[in-house]
Each structure stands twice: as structure tokens, then as C-alpha cells.
Amino acid sequence: MSEFFLLGLSQEPEVQSLIYVIFLSMYLITVLGNLLIILAASSDPHLHTPMYFFLCNLSLVDICFTSTTVPKMLQNILLQRKDISYEGCITQIFFFILFGILDDFLLTVMAYDRFVAICHPLHYTVIMNPRLCGLLVLGCWVLSLLNSCMQVSVSLRLSFCTKVEIPHFFCELNQMIKLACSDTFLNNLVVYCSALLLGGGPLLGILYSYSKIVSSIHGVASAQGRYKAFSTCASHLSVVSLFYVTTMAVYLSSAVSETAYPSAVASVLYTVVTPMLNPFIYSLRNKDIKRALRTFFVQGTAKRPTVLH
């Protein structure tokens, strides 16, 4: 067996054209929006803080996460093909798991950053020093790489029969395991254990951080102080809620429905929609990001040479 066939979201030619336009637009918005976040945070010295350092890493991971699945889907629609090589499928699974778990870890690290900023403001610069921030991001990468390597190494032992059609728009690990002819007990065990540890663990960390944050904000005397403290967490809390709600929607839809189509449609939420909305959530109500982008473009316009005729 040398290739799989991705059935996509629809078989209708008219619907496929619409899907192509929608997904191409969302992909371009995702890449452009996250690049602007990285550009704003890196160009403005006032944004060289732990919070925006983690945000830049999150934006970079969101670009990579979306680029793992969407370009191949657009290519197949454009060329009217459904095939993906076995090596390409394994590679797609590897990077999809890598950046998906990395996204989760970075959201947890950002929750810890907000916890330190609100609950220990006087010690914030000492605790969240550049060395610790670098080690936290490095730890996220190492754990994500180890998990991705483990998932792929277990998947390589699977053997497949004649049916190699994946009812999805990308190589989803659970769907590939269902197509295997060999014993899949070890694969399912690894998938469920990693989901419990690497999905549930960060969620508990986020919930613990925000429980402490809420307790600290509740102790603030003035209403203006409480609002100012909570406003620093509003964007991150919105992204966390969006990430976990869409992820839970995928697993609930796959558990309730016997067909894979609802799960494939729900997967669009956290593979494409969530990375696209993250830049808007962090920039629309963030005056620092707006100011940095405005300054960057104004300076860029001012530096352009004037040609006199």
C-alpha cells in the first residue's frame, strides 16, 4: 500500500469550488493575521515582554498548524485528485499532532504568565525572566516532539488492506487507525493516554491558574482595578475557550455520529477557524498591538523615497 485517498468534505463539483474559495480565503487571512501579530510584537520594543513573546510563538504555531492540512486540501481540489502518499500521510499526521499539542502547551504557558502577572505583580519581572521564558517554550517543543514521534512510531507498525479511503480532508490519526487490518489496541491505548495526559493536564493547569486569578481579582478593592486586571486575561481566555470548545465538538461529534462526515466538518473549527480568529481576538481590543502596527506602517511609509519629476 503506497497511498491513501482523502474523500474531503464534499464530492459535488459545485460545492468543491465553493470550499476551495472559502478555505483559500481563510488560509490567507490566517497567515496574514498571525504574521502581523509577529511583526507588531517584534518591531515594537515596548512589546518585548513575556506575554508577547509567547503570543509570537503561538502565532507561528498557528501558521504551521494550518499549513499542515489546508494546502494539500486546496491542491487536491484544484487538481481534482484525492490521493496522498503513505509517506505524505505519515508526515502530515506527525506535524498535525506536533503543532496541535504545541498550541495547547503554549496556551497553558500563557495562562501561567497571566497568573504570575496578576497574583505576583511585584515579582513578575524576576520570575518571568528571559531564561525561564525560553525554557518554557523549549519544554513545550520537546514534549510535543516526543509525543508526535511516539504516535507516528506506533502508527508505522500498522498494516492496511484494500480499503484506504479516509473520510476526511486530511490524514486524521483516528481515521487511519480505523482502516488498519492489524491489531490496533496499542495505537488506541497510546492515543487515549496521550489525549488524557497532554490534553487534560494542560486544561487542569489553565483552570488552576484562572481560579487563582479570579481569587486575586476578587480581592481588588476598586471596580476599575478589577476591570483592568481582568482585561489583561480576556483575550487569552477567549482563545482558550475557543480552542477547547471546538476540540470537544470534534470528539463529541465523532462519538455521537456513526459516520465520519460530522467529525470532518467539526474539525474545520479547530484546524482552520480557530487559528484564523486568534489574531483578531488578540488585536481588536489590544491597544498595544494596534499602536505597534500603526507605528510600523507609518514609519514604513515615511521611509519610502520620494521621486521628484
Side-chain angles (χ1 to χ4, degrees), residues 1-37 59-100 103 160 162-179 239 242-243 245-254 256-281 283-284:
M1 197 278 297
S2 60
E3 62 183 6
F4 291 97
F5 292 96
L6 302 175
L7 299 184
L9 296 175
S10 176
Q11 305 298 322
E12 300 294 332
E14 298 81 4
V15 178
Q16 283 193 341
S17 301
L18 180 61
I19 290 174
Y20 180 85
V21 174
I22 293 175
F23 271 73
L24 178 61
S25 302
M26 289 194 296
Y27 179 68
L28 293 177
I29 293 172
T30 301
V31 173
L32 180 61
N34 284 285
L35 283 178
L36 286 176
I37 293 289
S59 297
L60 177 62
V61 170
D62 281 339
I63 293 174
C64 297
F65 185 54
T66 308
S67 300
T68 303
T69 57
V70 175
K72 179 60 179 176
M73 175 191 181
L74 296 176
Q75 180 190 27
N76 283 359
I77 294 177
L78 187 63
L79 301 179
Q80 297 184 353
R81 297 174 59 179
K82 299 179 182 179
D83 61 295
I84 181 172
S85 65
Y86 176 80
E87 294 81 6
C89 189
I90 293 295
T91 303
Q92 194 175 65
I93 289 175
F94 175 84
F95 285 108
F96 182 81
I97 296 175
L98 170 65
F99 294 121
D103 211 336
F160 299 90
T162 55
K163 186 179 180 181
V164 289
E165 294 181 345
I166 299 178
H168 223 295
F169 65 92
F170 66 94
C171 280
E172 207 267 336
L173 180 60
N174 290 328
Q175 297 296 333
M176 192 186 77
I177 292 175
K178 292 178 181 179
L179 298 178
V239 172
L242 186 63
F243 178 82
V245 167
T246 53
T247 304
M248 290 299 297
V250 173
Y251 286 100
L252 289 177
S253 62
S254 61
V256 173
S257 178
E258 296 181 357
T259 61
Y261 180 73
S263 176
V265 175
S267 297
V268 177
L269 295 176
Y270 78 96
T271 56
V272 184
V273 176
T274 300
M276 180 187 68
L277 293 180
N278 286 353
F280 293 99
I281 294 174
S283 61
L284 288 179

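When a residue number appears, it is its place in the shown sequence, counting from 1. Note that the coordinates shown come from a computational prediction; the quantities given were computed from them, not determined experimentally.
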*Considering only heavy atoms from C-beta outward, does the side chain of Val273 approach that of Thr246 to under 4.5 Å?*
no
*Hey, what do you get for CG (Asn174) to CG (Leu179), rounding to the nearest 0.5 Å?*
11.0 Å
_Minimum heavy-atom distance Ile166-Cys171, with the two atoms named_ = CD1-SG, 4.0 Å
_What I'd like to find out is whether the side chain of Thr69 reaches to under 4.5 Å of the side chain of Ser267, using heavy atoms alone._
no
*Thr66 side chain to Ile63 main-chain N or O, any donor-acceptor pair under 3.5 Å?*
no
*Assess whether side chain to side chain contact (heavy atoms under 4.5 Å, CB included) is satisfied between Thr274 and Asp103, documenting all intermediate values.*
CA-CA 11 Å; Thr274 300; Asp103 211 336; over 6 Å; no
*When you measure from the side chain of Thr68 to the backbone N and O of Gln92, does any donor-acceptor pair fall under 3.5 Å?*
no
*How many angstroms lie between CG in Asn76 and CZ in Phe169, if you round to the nearest 0.5 Å?*
12.0 Å
*Is there a side-chain contact between Leu74 and Tyr20, using heavy atoms and a 4.5 Å cut-off?*
yes
_Testing the basics here: between Gln16 and Ile77, what is the closest heavy-atom pair and its distance to 0.1 Å?_
O-CG2, 3.7 Å
*State, to 0.1 Å, how close Val164 and Phe160 come at their nearest heavy-atom pair, and which atoms those are.*
CG1-CB, 4.5 Å
*At what distance, to the nearest 0.5 angstrom, does CG of Asp83 lie from CD of Glu165?*
12.0 Å
*Once you round to the nearest 0.5 Å, how far does CD of Glu172 lie from NZ of Lys178?*
8.0 Å
*For the residue pair Leu9 and Met73, what are the closest heavy atoms and their distance?*
CD1-CE, 3.9 Å
*About how many Å separate CG of Leu35 and CG of Asp62, when rounded to the nearest 0.5 Å?*
11.5 Å
_Results of side-chain hydrogen bond (donor to acceptor under 3.5 Å, both in side chains) for Tyr270 - residues two or more places apart only_ = none
*When you measure from the side chain of Asn34 to the backbone N and O of Thr30, does any donor-acceptor pair fall under 3.5 Å?*
yes
_Quick check: do Phe243 and Asn278 have side-chain heavy atoms less than 4.5 Å from each other?_
no
*asked:* Please find the pair of heavy atoms, one from Gln175 and one from Pro167, that lie closest to each other, and give the distance.
replied: OE1-CG, 3.5 Å
*From the options Phe96, Phe23, Phe95, select the one residue that forms a ring-ring contact (aromatic ring centres under 6.0 Å, His included) with Phe170.*
Phe96
*Out of curiosity, Met276 CE to Leu32 CG, how far, rounded to the nearest 0.5 Å?*
12.5 Å
